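The model shown is predicted, which means the values in this text are computed figures rather than measured ones.
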Amino acid sequence: LYDIVQSGRLGKITFVRTWNYGNSAPEGFGNLPDSDPPADLDWDFWLGPAPKRPYNKNRFGAFPDRWASFRYFWDYAGGMVTDWGVHLIDIVLWAMKVNGPQKVSASGGKLCITDNTETPDTILVTFEFPGWICTYEHRNGNGRPIEARGYGIQFHGTDATLFVDREGYELVPETRRVGDKQVPRGEGEKGKNSNNHNDDHARNFLDCLKSRQSPICDIEIGHRSSATCILGNIAFRTGEKVGWDAEKLSV
């Protein structure tokens, strides 16, 4: 992926799309009443520095029946933008060799889900970089995918488009008109992941505990990817376009 993007095979990249689509409307996680916490759960300890709230099963979100539903309350997390978007945006920053955006704007809301969670079920975040933009899109009221893919990344260049997800990648060349025909600009290409990258990350982390070297994705890389997504939520919650200095890590 990195080599394809940096090789220039895509031409000039002006637009990168990232997305997660699904359909849990309208019930979502449901509207469960507050209740006493389970006898084996220290609810105050679980809340930690977060605001004190009555126990609610959706706020706790124990796996597997709630699928970590706590991630969709502002007290504890940032919804899909930081939960899933960070994995996609991380790849974009790496492949494009950038540390972060210059400006971020966002719009959306909780528009279709009627449960008691708080973060948007529909959102579009736009990240502006010098010479190109990247978007993160999430909708949870309509699961129609892009080209049969419910999530992923597309790098759109003047010569080709590169799609990537955890299963592999596909490169589709642009076409140009020659006479009365559309002729591809270059060759297409597909590739599949041949291993489990979660295992690779765990192995690399354990190896670095012994060697004291920095892991492949060290804390600064993770911080920059997380900060980019958090900026999306800040832009959404304030209704403002947020300026960002990616080198100084400041607004």
- Query: Side-chain heavy atoms under 4.5 angstrom apart, residues restricted to Ile, Leu, Val, Met, Phe, Trp, Tyr: same cluster for Val81 and Trp244?
  - Reply: yes
- Query: So does Arg203 pair up with Asp207, basic N to acidic O under 4.0 Å?
  - Reply: yes
- Item | Hydrophobic cluster membership, Trp84 vs Phe29, 4.5 Å side-chain cutoff | yes
- Message: Hydrophobic clusters here meaning ILVMFWY residues chained together by side-chain heavy-atom distances under 4.5 Å, can you tell me if Leu124 and Tyr151 are in one?
- Response: no
- For Glu174, check salt bridge (charged side-chain N to carboxylate O under 4.0 Å, His left out) against everything at least two apart and list the hits. none
- Query: More than 12 foreign heavy atoms under 6.0 Å from NZ of Lys52: is that the case here?
  - Reply: yes
- Has Gln6 got more than 12 heavy atoms of other residues, nucleotides or ligands less than 6.0 Å from its CD? yes
- Query: Any ion pair linking Asp165 and Arg149 (charged N to carboxylate O, less than 4.0 Å)?
  - Reply: no
- Task: Tell me, please, which residues at least two apart from Glu118 pass salt bridge (charged side-chain N to carboxylate O under 4.0 Å, His left out).
- Result: Arg59
- Check for a donor-acceptor pair, side chain of Asp90 on one end and backbone N or O of Gly222 on the other, with a separation under 3.5 Å. no
- How would you list all residue pairs meeting side chain to side chain donor-acceptor pair (under 3.5 Å) that involve residues 126-136, not counting sequence neighbours? Asn20-Tyr136, Glu128-Lys241
- Task: Please check if atom CD1 in Ile219 has more than 12 non-hydrogen atoms from other residues, nucleotides or ligands closer than 6.0 Å.
- Result: no
- Fit a plane to each ring of Tyr55 and Trp43, take the angle between them on a 0 to 90° scale, and name the class: parallel (under 30°), tilted (30 to 60°) or perpendicular (over 60°). perpendicular
- Are Leu93 and Val16 grouped together when hydrophobic residues (ILVMFWY) are joined by side-chain heavy atoms under 4.5 angstrom apart? yes
- Message: Other members of the hydrophobic cluster containing Trp19, with the 4.5 Å side-chain heavy-atom rule, please.
- Response: Tyr21, Ile146, Phe163
- Note on the structure: Distance col, row Leu231:CG vs Phe127:CZ, nearest 0.5 angstrom, shows 7.5 Å
- Heavy-atom neighbours of Phe205 CZ exceed 12 at 6.0 Å: no
- Not counting sequence neighbours, which residues clear side-chain hydrogen bond (donor to acceptor under 3.5 Å, both in side chains) with Lys110? List them please. Asp115, Thr117
- Do the two ring centres, one from Trp46 and one from Tyr76, sit under 6.0 Å apart? yes
- Message: Applying side chain to side chain donor-acceptor pair (under 3.5 Å) to Asn56 and Asp34, what does each step give before you reach the verdict?
- Response: CA-CA 5 Å; Asn56 187 282; Asp34 295 339; 3.1 Å; yes
- Message: Can you list everything that forms a side-chain hydrogen bond (donor to acceptor under 3.5 Å, both in side chains) with Glu27? Sequence neighbours excluded, please.
- Response: none
